[in-house]
Amino acid sequence: GAGVSQSPSNKVTEKGKDVELRCDPISGHTALYWYRQSLGQGLEFLIYFQGNSAPDKSGLPSDRFSAERTGGSVSTLTIQRTQQEDSAVYLCASSFRNSPLHFGNGTRLTVT
Amino acid sequence: TQLLEQSPQFLSIQEGENLTVYCNSSSVFSSLQWYRQEPGEGPVLLVTVVTGGEVKKLKRLTFQFGDARKDSSLHITAAQPGDTGLYLCAAPSWGKLQFGAGTQVVVTP
């Protein structure tokens with residue numbers, strides 16, 4: 001596809017369950033970001049992958065959050081033992097070197 | 001504390017009016033980007049400014065980067081309902097792109 005693809009678009013889960021969110025970046029893009037956006041708010045940085053370098057995990061809010069990027073392409077954000085405060089839209093973006101970010105439409109996570 | 005402070009948080013205006021939103025910081029940036037986000041979608045880049053004092057125009061939108069490269073403004077002339085959205089500024093910081101909290105703009109017919 002031409003753009004960044006995220007799945008699922010919506011996810012409802014029970015408190016305490018684990019969830020996996022997937023991001024397919026634009027082919028050839030070396031950088032991949034995950035952000036979190038609460039209702040009507042700005043974007044909170046979570047994690048950043050750039051090529052083969054070690055990821056910048058400085059934005060992950062707790063050790064329940066982790067992410068990996070396999071083969072320099074697809075990325076998965078995993079949230080373990082979900083809490084209600086994890087409810088938000090999770091946005092993925094990719095870019096080539098220092099070019100502007102291209103965002104997916106996000107995954108809306110609701111923890112009940 | 002937000003690296004980038006955006007104001008106002010919310011702006012509601014009538015079609016045809018002008019508006020300005022601001023993005024301020026105490027830090028100096030090599031560049032600054034503006035994005036617009038519509039409901040259910042990811043942000044989309046509007047413009048990147050890189051030179052202090054730079055002014056860029058995109059149809060009815062005028063973007064300015066402060067002389068000291070610490071702040072920026074977005075001015076919309078004769079706003080239309082299609083301009084409704086969340087306007088976000090973003091700047092590189094410690095190798096990653098950081099965003100402000102955004103200004104929600106609503107333009108009513």
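Below, chains carry the letters A, B, ... as their sequence lines are ordered, and counting in each starts from 1.
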Query raised in the report: Is the number of heavy atoms from other residues, nucleotides or ligands within 6.0 Å of CD (A:Glu85) greater than 12?
Result: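 Enclosed.
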Query - Whether over 12 other heavy atoms sit under 6.0 Å from B:Gln9 CD - result: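 Count not over threshold, so no.
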Atom of [X], atom of [Y] and distance for their closest heavy-atom approach:
X	Y	result
A:Tyr33	B:Lys96	OH-CA, 3.6 Å
A:Pro100	B:Thr48	CG-OG1, 4.2 Å
B:Pro43	A:Leu43	CG-CD2, 4.1 Å
B:Gln98	A:Phe45	OE1-CB, 3.7 Å

Is chain A contacted by the side chain of [X], its backbone, both, or neither, given a heavy-atom distance below 4.5 Å?
X	value
B:Glu41	both
B:Phe10	neither
B:Gln37	side chain
B:Leu97	both

According to a hydrophobic-cluster definition based on side-chain heavy atoms being under 4.5 Å apart (Ile, Leu, Val, Met, Phe, Trp, Tyr only), do [X] and [Y] belong together?
X	Y	answer
B:Leu61	B:Ile13	yes
A:Leu46	B:Tyr35	no
B:Tyr87	B:Phe63	yes
B:Leu3	A:Ile47	no
B:Tyr22	B:Leu11	no

Requested in this report: Report the C-alpha separation of B:Trp94 and A:Asp56 in whole Å, then their side-chain angles, then the decisive distance to 0.1 Å, and conclude whether the side chain to side chain contact (heavy atoms under 4.5 Å, CB included) test is met.
Outcome: CA-CA 10 Å; B:Trp94 296 100; A:Asp56 180 341; 5.9 Å; no
Query - Spacing of CG belonging to A:Leu91 relative to CZ belonging to B:Phe99, to within rounding of 0.5 Å - result: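 Between A:Leu91 CG and B:Phe99 CZ, I get 9.0 Å after rounding to 0.5 Å.
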**Report entry** Interchain contact, A:Ser58 with chain B, by part (heavy-atom threshold 4.5 Å)
**Finding:**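 For A:Ser58, the side chain is the part near chain B, not the backbone.
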